[in-house]
Structures are given as C-alpha cells and as structure tokens.
S.K.: 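Got a structure here, written out as structure tokens. Questions coming.
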Number of protein chains: 2
Amino acid sequence: MDSQGRVRNITDLARLAGVSPGTVSRALADSHLIAKKTRDKIQQLAREHDFRPNVMARNLRIKRAGAIGVLIPLGHETGQHISDPFFMTMLGHLADALTERGHDLLLSRVIPKDPDWLNRVVDSGRVDGVILIGQSDQIDVIEKVASRYLPLVAWGANLPGKNHCSVGSDNRKGGQIAAQHLIDRGCRNFAFFGDPVAPEIAERLEGCRAALALAGLGDSLSILPAHLTAETAHPAISKWLDDTQSIPNGIIAASDVIAMSALRALAEHGVKVPGQVHVVGYDDLPFANQTVPTLSTVRQDLAAGAGHLVDLLFRRIAGEETGSVVLKPELVVRQSS
Amino acid sequence: MDSQGRVRNITDLARLAGVSPGTVSRALADSHLIAKKTRDKIQQLAREHDFRPNVMARNLRIKRAGAIGVLIPLGHETGQHISDPFFMTMLGHLADALTERGHDLLLSRVIPKDPDWLNRVVDSGRVDGVILIGQSDQIDVIEKVASRYLPLVAWGANLPGKNHCSVGSDNRKGGQIAAQHLIDRGCRNFAFFGDPVAPEIAERLEGCRAALALAGLGDSLSILPAHLTAETAHPAISKWLDDTQSIPNGIIAASDVIAMSALRALAEHGVKVPGQVHVVGYDDLPFANQTVPTLSTVRQDLAAGAGHLVDLLFRRIAGEETGSVVLKPELVVRQSS
DNA sequence: AATTTTGCAACAATCGATTGCATAACACGG
DNA sequence: CCGTGTTATGCAATCGATTGTTGCAAAATT
C-alpha cells in the first residue's frame with residue numbers, strides 16, 4: 001500500500017492479511033479452495049479498506065473485456081450528429097439490454113476516413129464484441145471484418161450476397177407498404193426524400209418503385225437524394241419545394257426525422273397536410289405522434305431490434321454462427337396521410 | 001503467432017522482425033531510440049499482418065484507461081428509461097466532446113441499490129474519470145466519493161455546502177423566470193409538476209415559490225410531486241386533472257418531457273393552451289418547438305454544458321481542483337404561454 | 001592508435017490480477 | 001508412530017504491453 005495506507009492491489013491486501021496474493025485472489029472470488037474462515041477474513045478486510053480488484057488487469061489475464069463496442073458509422077453523412085433521435089433511441093435500448101447482461105457499453109462515434117476504423121476497434125482488445133448502428137456506406141469494410149471476426153452484428157439491411165450478421169426491418173416491404181398506402185389514398189405523383197447511398201434507404205426506395213410500378217405509376221416518382229440530417233433536411237426540402245414545378249401529392253420520407261422537417265417545410269409553404277399532400281415517414285420514433293399533424297409512418301420495432309442484436313451478439317461471442325434477423329415493418333396511420 | 005500464422009502480440013511481431021519485443025514497442029510508438037530503417041521495417045510488417053497492440057495491456061502498464069465513464073443515476077425514478085430525451089441529448093453532446101479528445105465513452109445506466117455503485121465504477125480501473133448525468137437522490141454518495149476522487153463531475157445542481165464539481169443551470173433563477181413569466185401573462189393560480197426529491201427540481205420549485213411570494217401569490221401553488229417520466233407523466237397528470245377541483249391557469253413543468261405530457265393531457269381534457277392555461281417547460285430539448293402548441297420553456301444550453309463538463313473533467317484528471325460552473329437559464333417564449 | 005562519444009537494440013522489471021502445480025499442515029486409521 | 005489422504009496455502013508463470021538500464025559496436029575525437 002502507498003504512504004497513505006491505501007490498499008491498491010491484492011498484494012497490499014495479502015500483506016495485510018498475512019497471506020499470499022493468490023490466496024487473496026481466490027478468496028475474493030469466493031473459491032472453495034480457500035477455507036471459509038480465511039475467505040471471510042479477507043473479504044472483511046477488503047470491505048474495510050474498500051478495495052476492489054482492478055478490472056483491467058483481470059480482463060487482461062482472463063482475456064475478456066466486459067464491454068461491447070457500439071459504433072455509429074457516419075460514412076455518407078459527415079454532418080450527422082450522434083444525437084440524431086434514431087441513434088439515440090436505439091442506443092437507449094441497447095444500453096438497457098447490455099446492462100442486463102452485465103456488460104458495459106463502449107460508445108464511439110465513427111467517421112470512417114480510413115478503411116481501418118473497424119479493425120481498430122475490433123483488434124484493440126477492449127471489447128468482446130461490436131454492434132454497429134447502421135451500415136452507412138461501409139458495407140465492404142464490414143463484410144471484410146465480419147469474415148474473420150465472429151462477434152459482430154449490425155443494425156441495417158440484410159443484403160443479398162452479403163454475409164455479415166444483421167438485424168433490421170424488411171426495408172423493401174416497408175417502402176412498398178408506404179407507397180401502397182399513398183396510392184390507396186389517391187396520390188398519383190410521388191417524391192422520395194432520402195439518400196440511397198445507405199443500403200437500407202436504397203431498399204426502401206426500391207420497395208416504393210415496385211409498388212408504383214405495379215400500380216402503373218412507375219414514372220411518377222421524383223427523388224431528393226440529399227444527405228438528410230435533422231439539421232440539413234429542412235433547408236434542402238425548402239429549396240426543393242421552391243424549385244420544383246409541381247409539388248407531388250404523396251411524399252415518402254426515408255426517416256421520421258426527414259418527414260418531420262418535410263412537415264415543417266410544407267407548412268411554411270402553405271401546403272396543407274394531408275389536404276394537398278400526404279406524408280409518410282419511416283421508423284416510428286417516439287416523437288412521431290407528437291408532430292403536427294401526427295406522422296403516419298412505417299414502424300420498426302427498435303426495442304425488439306435491440307433485443308435481437310444483443311441476443312445474436314452473445315450467441316456469436318459464444319461461438320455460434322448465427323443468421324440474420326429481418327423484422328416485419330408495420331404501417332402506422334396517423335394524421336399526415 | 002498461432003497455428004494460423006496470425007500475429008497476436010508484439011512478441012510474435014518481434015520474432016518475425018528478428019528483434020526484441022521492446023524494440024517493436026518503441027518502433028510502433030515511433031520512438032527515435034530506434035533507427036529509422038528498423039522502425040520502418042517493423043511498421044511495415046505490422047501493417048502487412050494488420051497487427052495492432054492490445055490496448056488493455058498498454059493501459060494496464062501506463063495506468064490509464066482511455067475511457068470516461070458516463071453514468072446515469074436513476075435513484076428516485078426506477079422506472080426511468082435511459083432513452084429519456086434529456087439524457088440522450090446530453091449523451092450525444094458528451095460523446096462528441098469526448099471523441100474529440102480521443103477518449104472512449106463507457107456508458108452505464110445505474111440504479112443505485114447499494115451505496116457502492118459509484119465506488120465500483122471509480123475504483124474499477126476502467127475509466128480515467130466519471131461524468132454523472134444528474135445527481136438524482138444520491139448527493140451523499142456523490143459527495144463522499146468526490147472528496148477522495150478528483151476526476152468526477154456531475155450535471156445538476158450546484159448545492160450550497162456541497163463540494164463536488166457540478167455543471168448546471170441556475171435552477172432557482174430558472175424557476176423564478178418561468179413563474180414570473182406566467183405572472184406577467186396574468187396567471188393567478190399555479191401548479192408545479194415534478195418531484196423535488198431531485199435537487200435540481202427542488203431548486204426550480206424554490207425559484208417559483210420565491211417569484212410567487214414576491215408577487216403576493218405565495219399560497220396559490222399546488223404541486224404534483226409524482227415521479228414523472230416520459231411514460232408515467234401522462235397518466236399521472238390526467239388523473240390529477242380529473243381529481244382537482246379547480247384547474248390552475250399557470251403550469252410550470254419541471255422538464256420539457258413532463259410539459260409535453262401535460263400538453264397532451266390538457267388537450268384531451270378540452271383545456272385550451274394558452275387560452276385557458278399557460279404552460280412553461282424546462283430544458284428546451286430539440287422537440288420543444290415541434291409540439292402542439294410549441295412549448296415555451298426555460299432553455300438550458302446542453303451543448304455548452306457538455307463542453308464544460310468535459311473541460312472541467314480533463315482539468316481535474318490533470319490534477320487541477322476546479323470549481324463548478326453555473327449556466328444562465330434563458331426564457332424561450334413560444335406558443336404555449 | 002587509443003580513447004571517448006554516440007546510436008541502437010536487448011534485457012528484464014513492471015502494471016495487477018489469475019491459476020496450475022507443488023507443498024505444508026493436519027487428521028486419521030492401522 | 002508412520003503412511004496416506006485431505007485441505008488449505010504458497011509459488012511462479014502468464015496475459016501483452018512499456019520503459020529504465022545496460023551492453024556493444026561503430027563513429028568521432030585526440
């Protein structure tokens with residue numbers, strides 16, 4: 001122990017108890033190799049000096065980290081802030097699920113400049129596994145790492161020909177039911193707000209296209225493929241509304257965040273929702289039924305998603321080669337459509 | 001290296017390079033004690049085998065963790081979810097600020113059952129410092145730990161007689177300007193929604209009381225001291241509205257989340273806002289200008305707050321005994337008042 | 001040519017725990 | 001009283017890095 005008499009490691013405590021460090025280690029782990037009397041004495045001593053063994057040293061020795069890395073790759077949207085409501089909602093659910101399993105959550109916002117960002121985390125030895133919230137435009141990097149590192153799961157699209165473990169909703173289906181809903185509402189001209197660089201969004205767009213084609217409305221879709229974040233969506237949409245010749249009567253937003261900005265922009269342009277334009281979002285974030293008008297949207301069950309992510313991850317940590325999970329999206333009709 | 005020829009540690013790499021582990025360590029750290037030629041060769045080799053030194057081992061040796069613990073103590077509100085918008089917003093800002101300083105963020109939701117929860121994190125050796133988002137009802141525990149552990153900062157109230165380092169707005173002032181604003185709007189009967197068990201909230205309530213007393217309206221305040229979370233606030237407020245004889249004409253909510261629930265409950269009871277009742281929230285979370293009607297509120301600048309928290313924390317890690325920071329709250333008038 | 005200086009790299013201790021193996025202490029039956 | 005068997009503890013290697021000290025050879029100095 002140091003000059004102040006603080007007990008800093010098991011060796012100090014061992015000296016105090018008159019035993020060897022190994023005995024202390026075993027005693028604190030409640031090992032039956034140590035006599036009950038000795039164990040009690042040592043544990044009591046530890047409590048008195050409120051000593052707790054160093055977790056990092058322990059982890060180094062037993063080769064585990066006790067933490068899961070949660071990464072938010074912001075590849076295609078460098079301006080995107082971590083406090084984006086979607087990420088935050090997901091993160092909250094993950095934190096709960098991981099805490100329940102006795103693991104810590106190591107959070108990193110990542111702006112993948114070099115293709116090494118994921119390796120760096122995986123090989124750092126600080127985490128037992130990694131959860132990606134979104135794939136961004138980093139599919140190739142993710143695939144490459146996933147091929148050699150089992151405990152890696154991602155929220156996002158389950159892409160054909162790709163092997164990494166993912167959990168996400170059926171985006172094509174989601175896009176399709178959104179479009180179909182607008183068709184049913186009588187819309188004939190459509191706009192899609194969102195950047196198809198992200199694979200989930202590309203799939204949602206495809207779903208829309210399929211539904212429109214089926215209804216013989218194949219060429220009635222315009223696309224605003226801007227990088228849409230909470231901050232940038234509103235001006236982008238505003239400008240688009242200014243510039244466009246004919247405002248469509250059905251708008252499909254790639255996320256609720258974008259939809260909310262659209263609602264505000266439309267209101268500012270004096271466009272009535274749902275009178276003149278019908279709007280559908282995607283995600284069903286908590287705020288979706290707080291907007292004006294409340295937002296119709298395609299619901300993804302994020303709590304269930306987080307549960308699956310964590311469950312799959314721990315099975316992979318245990319060595320199992322799990323498959324992916326695709327959740328069923330569900331239309332939630334509110335006032336905006 | 002193992003049977004597959006993977007390079008797992010500097011010793012493997014040293015063997016490959018025909019040098020000693022120490023030399024590899026220095027080479028990877030770009031130390032000038034190693035000849036440039038040797039350094040280049042080793043770094044090249046490391047790249048080829050994409051080897052990265054184990055961070056945990058490094059941290060153990062140099063006695064630092066490279067991570068900051070961010071804890072959300074949920075003492076008085078066991079039902080409160082980590083995905084509460086306030087926490088999430090704060091967390092987002094913290095993640096950004098910490099990432100900029102090259103530190104990871106170790107997130108823990110804590111339900112303080114035993115008084116040892118904070119010690120456990122602090123003494124675990126996994127973090128270089130701790131940021132608490134909120135003090136909950138754990139002031140005594142926090143004070144005790146803070147007295148021996150310097151790198152600890154908390155978002156919350158700066159309490160008289162308490163010594164731990166805190167960053168927060170002047171809650172009394174905030175409560176006061178909220179109440180004064182309602183008085184100016186002509187309100188004469190008031191209600192406060194929020195549980196004064198949390199010190200910030202107690203201070204906000206005091207501020208209200210002071211303003212009312214000064215205006216000679218000292219006994220016109222009723223209090224709904226329920227544990228108010230996003231989920232529980234709405235039913236609690238609804239019930240309160242059912243039971244109460246006379247609905248007040250000025251409502252001060254202890255947070256925007258509570259205010260939002262109040263708005264919804266009032267609407268459902270057919271009460272016009274701001275026609276019959278004026279409502280003021282607290283925080284100015286991003287959603288505050290998305291509610292119907294948009295929410296008047298007392299703004300706390302959370303981005304600045306997060307910046308201060310991180311700044312103070314790193315100064316404390318460096319050994320400086322910093323003071324606390326009190327931010328000026330600011331009234332934001334929107335439609336609800 | 002002899003001596004000092006300089007530059008590079010190896011050696012070994014260290015961070016703080018865990019754990020297989022060796023051993024000491026003790027009890028007990030024969 | 002000794003051999004055998006438990007039981008409880010100590011010893012020392014180990015996890016994977018970092019770093020002060022030391023040793024050696026080549027370069028610089030006289």
Side-chain angles (χ1 to χ4, degrees), chain A residues 1-2 6-43 45-46 49-67 120-128, chain B residues 1-2 6-43 45-46 49-67 120-128:
Chain A
M1 64 210 94
D2 66 10
R6 271 182 59 70
V7 177
R8 342 181 66 31
N9 50 39
I10 51 170
T11 311
D12 286 352
L13 196 62
R15 199 162 15 221
L16 226 54
V19 298
S20 77
T23 302
V24 171
S25 172
R26 290 193 169 94
L28 294 179
D30 239 352
S31 158
H32 283 272
L33 286 175
I34 304 296
K36 178 124 179 39
K37 216 178 88 189
T38 318
R39 245 184 297 159
D40 287 348
K41 189 179 73 182
I42 293 176
Q43 291 177 4
L45 220 46
H49 291 79
D50 58 50
F51 167 78
R52 243 167 308 276
N54 182 300
V55 179
M56 262 173 22
R58 166 167 215 276
N59 286 346
L60 175 61
R61 181 61 230 259
I62 67 181
K63 285 166 166 274
R64 69 150 231 170
R120 207 166 18 232
V121 177
V122 160
D123 294 335
S124 71
R126 291 161 73 86
V127 297
D128 295 322
Chain B
M1 66 211 95
D2 66 11
R6 271 182 59 70
V7 177
R8 344 179 61 38
N9 51 39
I10 51 171
T11 310
D12 286 351
L13 196 62
R15 198 162 16 221
L16 268 175
V19 299
S20 78
T23 301
V24 171
S25 172
R26 288 195 168 92
L28 293 179
D30 239 352
S31 158
H32 284 272
L33 286 174
I34 306 296
K36 178 124 179 40
K37 214 177 90 188
T38 318
R39 245 184 299 157
D40 287 347
K41 188 179 75 183
I42 294 175
Q43 290 177 5
L45 220 46
H49 294 265
D50 61 45
F51 167 77
R52 241 167 311 276
N54 181 300
V55 179
M56 259 172 27
R58 167 168 214 277
N59 287 346
L60 175 60
R61 181 60 231 256
I62 66 180
K63 284 165 166 278
R64 69 151 231 169
R120 206 165 18 233
V121 177
V122 160
D123 294 335
S124 71
R126 290 160 75 89
V127 296
D128 295 323

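Chain letters run A, B, ... following the sequence lines, proteins first and then strands; every chain starts at 1. Quantities reported herein were computed from a predicted structural model and do not represent experimental measurements.
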S.K.: Which is the 5'-most and which the 3'-most nucleotide of DNA chain C that has an atom under 4.0 Å from a heavy atom of chain A?
M.R.: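 From 5' to 3', the first and last contacting nucleotides are C:dG16 to C:dC21.
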S.K.: Using five base pairs at each end to define the local axes, how bent is the helix from C:dA1-D:dT30 to C:dG30-D:dC1, to the nearest 10°?
M.R.: 60°
S.K.: Tell me, please, which residues at least two apart from B:Asp50 pass salt bridge (charged side-chain N to carboxylate O under 4.0 Å, His left out).
M.R.: none
S.K.: Heavy atom of residues 52-63 of chain B under 4.0 Å from DNA chain C: which residues?
M.R.: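 Close to the strand are B:Leu60, B:Arg61, B:Lys63.
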S.K.: Would you call B:His49 and B:Leu16 a side-chain contact if the rule is heavy atoms closer than 4.5 Å?
M.R.: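 Side-chain contact under 4.5 Å: yes.
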S.K.: Is B:Thr11 touching bases, backbone alone, or none of the nucleic acid, heavy atoms closer than 4.0 Å?
M.R.: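 Nothing, no heavy atom under 4.0 Å.
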S.K.: What is the minimum heavy-atom distance between B:Thr11 and B:Pro21, and which atoms define it?
M.R.: OG1-CG, 4.1 Å
S.K.: Which residues within residues 22-36 of chain A lie with some heavy atom under 4.0 Å of an atom in DNA chain C?
M.R.: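 Hits under 4.0 Å, by residue number: A:Gly22, A:Ser25, A:Arg26.
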S.K.: Starting at NZ of A:Lys41, measure out to CZ of A:Arg39 and round the result to the nearest 0.5 Å.
M.R.: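 If we round to the nearest 0.5 Å, A:Lys41:NZ and A:Arg39:CZ are 13.5 Å apart.
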S.K.: Tell me every residue that passes side-chain contact (heavy atoms from CB on, under 4.5 Å) with B:Val121, counting only those two or more places apart in sequence or in another chain.
M.R.: B:Leu71, B:Val127, B:Val130
S.K.: Once salt bridge (charged side-chain N to carboxylate O under 4.0 Å, His left out) is applied, do any residues pair with A:Arg120, and if so which ones, sequence neighbours excluded?
M.R.: A:Asp114
S.K.: Report the residues that fulfil side-chain contact (heavy atoms from CB on, under 4.5 Å) with A:Lys37, sequence neighbours left out, ordered by chain and then residue number.
M.R.: none
S.K.: Give the table of side-chain donor-acceptor pairs shorter than 3.5 Å for residues 26-35 of chain B, with sequence neighbours excluded, one pair per line with atom names and distance.
M.R.:
unit_1: B:Asp30; atom_1: OD1; unit_2: B:Gln43; atom_2: NE2; d: 3.0
unit_1: B:Ser31; atom_1: OG; unit_2: B:Leu33; atom_2: N; d: 3.0

S.K.: Show me the donor-acceptor pairs, under 3.5 Å and distance only, between side chains in residues 51-59 of chain A and residues at least two apart or in other chains.
M.R.:
unit_1: A:Arg52; atom_1: NH1; unit_2: B:Asp116; atom_2: OD2; d: 2.9
unit_1: A:Arg52; atom_1: NH2; unit_2: B:Asp123; atom_2: OD2; d: 3.1
unit_1: A:Asn54; atom_1: OD1; unit_2: A:Met56; atom_2: N; d: 2.8
unit_1: A:Asn54; atom_1: OD1; unit_2: A:Ala57; atom_2: N; d: 2.9
unit_1: A:Asn59; atom_1: ND2; unit_2: A:Val55; atom_2: O; d: 3.4
unit_1: A:Asn59; atom_1: ND2; unit_2: A:Ala65; atom_2: O; d: 3.0

S.K.: By the side chain to side chain donor-acceptor pair (under 3.5 Å) test, which pairs, at least two apart or in different chains, include something from residues 16-25 of chain B?
M.R.: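 Matches after skipping sequence neighbours: B:Ser20-B:Thr23.
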